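The next block holds one structure in the form of structure tokens; read it before the comments.
Letters A, B, ... are given to chains in the order of the sequence lines, protein chains preceding strands, and every chain is numbered from 1. Bear in mind that the values here come from a model prediction, so they are computed numbers and not experimental data.
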Amino acid sequence: MTPSDPTSSRFAPLPADAAKNPDKAELAVLAVWRERKVLAELEAARKDAPAFVFWEGPPTANGRPGIHHVVARTVKDTVCRYQSMLGKRVDRKAGWDTHGLPVELEVEKSLGISGKPQIEEYGVAAFNAKCRESVWTYRKEWEEMSERIGYWLDYEKPYVTYEDDYVESVWHVLNRFHEAGLVYQGQRVVPFCGRCGTGLSSHEIGQPGVYQDLLDPSVTVRFPLAQQSGAESESFLAWTTTPWTLPSNVALAVNPKVDYVRARTPLPVPKGEEKGSKGYEIVWLAKARLGAVLGENAEVLETVSGSELAGRAYAPVFEADIPEIEPGAWTPNNTNKWHIVLADYVTTEDGTGIVHQAPTYGADDWITAKENNLPVLRAVGPEGRFLVDVGGASKGDLFKDADEALMEDLKQRGLLFKKARENHSYPHCWRCNTALFYFATPAWYIRTTSYKDRMIAYNAKCNWVPPEVGQKRLGDWLENNIDWNISRDRYWGTPLPFWVCGDCGAERSVGSKAEMERLAGGLPEGFDNHRPLIDELVFDCECGSKMQRTKAVVDCWFDSGSMPYAQHHFPFGDGVERTKDQFPADFIAEGLDQTRGWFYTLLAVGAFMAEVEPELEKGVVYKNCAVNGLVLDKSGVKMSKSLGNIVNPWDAMKEHGIDAIRWYMLSSGAPWLPKRFDMGGVLEVRRRFLGTLQNSYRFFAEYARIDGFDPDSKENPATADRPEIDRWLVSRTETLVGDVRRAMDLFDLAGACRSIEGFVVDELSNWYIRRNRRRFWKGESGPDKMGAYASLHHALSQVALLMAPMAPFLSEILWERLCSNGSSVHLQPVPQRNSAWVDEQLESSMQLVVRVVEMGRALRERSGLRVRQPLKALHLRATEQESLDLLATGFASEQILDELNIKAWGSLATDDGQLCQLKAKANFKTLGKRLGKQMKKAAAAIASFTQEQVAICRAGGEVPVELDGATVFIGAQDVIVSVEASTDMDVESDGQIIVFLDTELDDALISEGLAREVVSRVNSLRKEAGLAVEQRIALRVAGGSELLRRALTEHDALISEETLTTDYAVGETALEGCEWTEVELSPEHDLKLCLAPR
RNA sequence: GGGCCUGUAGCUCAGUUGGUUAGAGCGUCCGCCUGAUAAGCGGGAGGUCCUGGGUUCAAAUCCCCGCAGGCCCA
């Protein structure tokens, strides 16, 4: 990114845009990366390095990228960049999830068609061609967004799930499952979308937004007994929220262990009329539901257990010729129809305790039907529409739309006992939002339950961040694993490579295109591993008949779950070698919503594949998985188009740049928690952290350029030879390196950010630079100055390296200027902590300094004595001699006294019995374990220790204490000593240290204070006059008071030096051509001054 | 209905294996600075650690019943 001379950009000013318009500055960096092909350069540099295997979870190329996609990508990119800097080879293969319903729906929309019949009419070949095209429109937006946010991915060679090679690998995987006998064809009741004409897998049902509240009918229906016993009609009461399933009723189920009653209850009467005036009826229902359903007007005639009810017959509620289907798994017996059957799942929590059975529309019903050899009626077909006219519903009606008509029909015929509406959570299609219905449909399954334990074992090997997602959330899901329905009766997807013989039912699975070609005796022109041409391939069956391919395509989650193999075209060509190198993954990261999605499918496929492919390492599929939370708006509401609270990433970047956004996302709270995205928070990052860092660099660079500082010069003093303050900064820098590496190694990105930010803002900028400014701009070049440059340069450079994974742009801008080695920051190694430079004593000494300074500032604030006014002395009391020793060093003294503008230490003592006294408090941590229940008494005894007793403890002696007749010896370990002021002077204390000021002012101090006041005023005027910082001036000053005149004379050197005055005089003669400026230094002291450049 | 997560200052969040003055940033109030800063610095005020039980000498922290929110599953 540098021109030919690497030193030409050394300490160059930051681009003008860096602070004001980070977007623009970052775009410039991007241009350089692109031009110099930095990613390729990095890949080349790490070509032979050990791999850190990262798998990119393929985004569905069907939606536009939003700010929530930025979160996961930031996490992924940060970890990958860090690993690269650790010297690892990180392949960043991009991937695209291109198959599936979302794509089909998008195309249907664009073609203005809807549903399977219209797709067939349009032509599957043309339709799939459209699908293939459609994914690319969004791909470009994704690529642009990814590039802009600095997400380094290899877009040149991405894996694309629809490409022939990818599909072929998926076939290989499916074939392996089939070979292992884990694939079976079944008929299962699944949530079904009539609109999309396909069943939904359990993880599709797991998509957000599937369950929505719906107001459904809640009806109780009379099923009249087949044999009526008396004058009063008798019926079973059954409850349902799906009236549309009633025409398909084949049985009623009761729980064998529940008691049921035969009850006499008045027929409903118009309002005002007496109950029973219309006569009575007899109904059956669970005893436990009596009150809820019949109220108090019921007379129980008989109570029997559910098991006794079995086999009783009733009359169907709809008389119509309902189509019947062949269940396959059993042989239906028509005489079993319309009887009471037993089922354990029936509860008395709601309804009547009698459940209407329509096997094709309920999973439980299906099982019950199988157990009782019931026939299967199907009034509603796979498109969710009625197949016949029945009870007010017409052929072609959408299932839910028929509810009203059916209920009305039942009402007319006196079969509707009660009708209400109920709000309940109901599943909807995750993409087209149509209400689903349960429907028995033929499907292909993988028997994942057969290797459930292995999936659990593999999962246990993964380091989950945070752990509970893997151990509990995914762990529970695995414990309750059910077989994976992998087939979809759709068009745009990997075709299932399974051929079935129409006659003998034999199955044949195919694992490669070549095998397919061989079996079919050639492939048609334009064959592309997709429907519809593959459907034309017909194989000979051993029985002499022909085998046809099953029409289904595979669940697109199977595509993404096969990504570890298919991305390298395993096991074809060099795919084995490449897959071996990239399996298992060291790291994946996606949103929490992928728990039952990609995280699961990778495991479901991987825990099988690793065992059957000898080339692959067994035991684990992915070793580390970092989970990130959902992105909410700033009030914690989920972002949605309808609420209009979506944050467009491009807008956000234009405003603040991506580094600020990345840093904000990484550092604000734990990544796996839902994240409230607040632009105010981004602005804060920009101002507080990125801004401070840039200012720090500006400061350094401005003076380093002037002085021609060369970081590589042998003349620079070695770290050990620099003053303490420099060694402190270097020591803190090295400690930071250790902290950040530790955090990063644990995937604690937020912790790493916090450490860096704290260091930059508090220590590097607000302490080191502020306290050492004048070393940079005063005096001649020399070892002291060069030591300061070297220390600050080191700190800034290390920060640029440490923050590079998180803030790739600003770090690059800084690195280019700080180190100028002609190479990107992202190609550098992560710094190693140099323990030789770590001085823990110096660091803790500085901690004490900061504490004392804070207390001193608080005292000054209260006393109203501004820091410009020097004070005579600072007194201090501490509990620990050790603290005093640390504070009394020249280094600490200088820092404190200079920072607080105090002439000298006053008294410094551990205690003197006059101004303060020692107090002891029990050390609960040590004593608690030893004393247990006596702790409270001991604490009280210790709190009342005398000065002498405390002193004994502190000196290492032991004080005997009587506790419940026993003597306990309290030693130094057992007490926490504090100091407490016993004076009416104003003091500040943190319990361990007491600070107080000698605020008495004499003329000398006041004079110096005034002189400093003058300096401040003169410098303000310099700035007002727009003088350059190094501009020398002539200065004339005249004081109104005697004390001020004395200050002007006495401190002429100070004033001259601090204001860069080369021609200084006190007197009433103004400079030629200059006007006097009058200033009020304080109510008693007025100053006249004039200045001019020299 | 079940599982997981979260609840700490006005806001956004830290808070180690339980240990006695619960922290930071922002905001607010007060003040300061002007030779890195389209800025910055300092000092105050501000808390029922969601409620209620329990375990313990000791609970923001561990356990239980709730409440509220989120995610996932039914």
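Among the protein residues, A:Leu927 comes within range of no part of the nucleic acid, since none of its heavy atoms lies under 4.0 Å from any strand. At the heavy-atom level, A:Gly681 lies nowhere under 4.0 Å from the strands shown. In this structure, A:Ala670 reaches the sugar-phosphate backbone alone: every heavy-atom distance under 4.0 Å involves primed, P, OP1 or OP2 atoms, never a base.
With hydrogens and angles disregarded, no donor-acceptor distance shorter than 3.5 Å links the side chain of A:Arg817 to the backbone of A:Tyr697. The closest donor-acceptor contact from the side chain of A:Asp990 to the backbone of A:Ile993 lies under 3.5 Å.
Distance CZ (A:Phe11) to C1' (B:A36): 16 Å, rounded to an integer number of Å. Rounding to whole angstrom units, CG of residue A:Asp476 and P of B:C72 are separated by 16 Å. Taking atom CG on A:Asp707 and atom C1' on B:G35, their separation rounds to 14 Å, with Å as the unit. We find that CD of A:Glu468 is positioned 16 Å from P of B:C72, with the value rounded to whole Å. Going from atom CZ of A:Arg771 over to atom C1' of B:G42 covers 14 Å, rounded to whole Å. Distance CH2 (A:Trp672) to P (B:C72): 19 Å, rounded to an integer number of Å.
Checked against B:A36, B:C13, B:C71, the side chain of A:Tyr703 finds its nearest nucleotide in B:A36. The listed nucleotides are B:G44, B:U21, B:G25; the one nearest the side chain of A:Lys921 is B:U21. With distances taken from any side-chain atom of A:Arg698 to the nucleotides B:G19, B:A14, B:A36, the minimum falls on B:A36. When the nucleotides B:A36, B:G43, B:U6 are ranked by their closest atom to the side chain of A:Leu673, B:U6 comes out on top. Closest to the side chain of A:Lys1023, out of B:G35, B:G27, B:C4, is B:G35. Considering only side-chain atoms of A:Leu592, the nucleotide from B:C4, B:U34, B:C71 that sits closest is B:C71.
Residue A:Asn1019 has no polar side-chain atom (N or O) positioned under 4.0 Å from OP1 or OP2 of B:U34. Residue A:Arg754 places none of its side-chain N or O atoms closer than 4.0 Å to OP1 or OP2 of B:A24. One finds no side-chain N or O of A:Arg473 lying less than 4.0 angstrom from the OP1 or OP2 phosphate oxygen of B:C72. In this structure, A:Lys472 reaches the B:C5 phosphate: one of its side-chain N or O atoms is under 4.0 Å from OP1 or OP2. Between A:Thr595 and B:C4, a side-chain N or O to OP1/OP2 separation shorter than 4.0 Å is absent.
Residues A:Glu988 and A:Arg862 share a closest heavy-atom pair of OE1-NH2, 2.8 Å.
Side-chain to base pairing of A:Glu861 with B:G31: no donor and acceptor N or O lie closer than 3.5 Å to each other. Residue A:Arg770 places no side-chain atom within donor-acceptor reach of the base of B:C41, judged by atom type and a 3.5 Å distance cut-off alone. Residue A:Lys925 places a side-chain atom within donor-acceptor reach of the base of B:U17, judged by atom type and a 3.5 Å distance cut-off alone.
Residues A:Thr242 and A:Tyr361 have side chains not in contact (no heavy-atom distance under 4.5 Å, counting atoms from C-beta outward). Side-chain contact between A:His793 and A:Phe11 is present, with at least one heavy-atom pair separated by less than 4.5 Å.
Each of A:Arg868 and A:Met935 has a nearest nucleotide on RNA chain B; the 5'-most of these lies closest to A:Arg868.
Ion pairing between a basic and an acidic side chain is recognised when a charged N comes within 4.0 Å of a carboxylate O; A:Arg742 and A:Asp745 show no such pairing.
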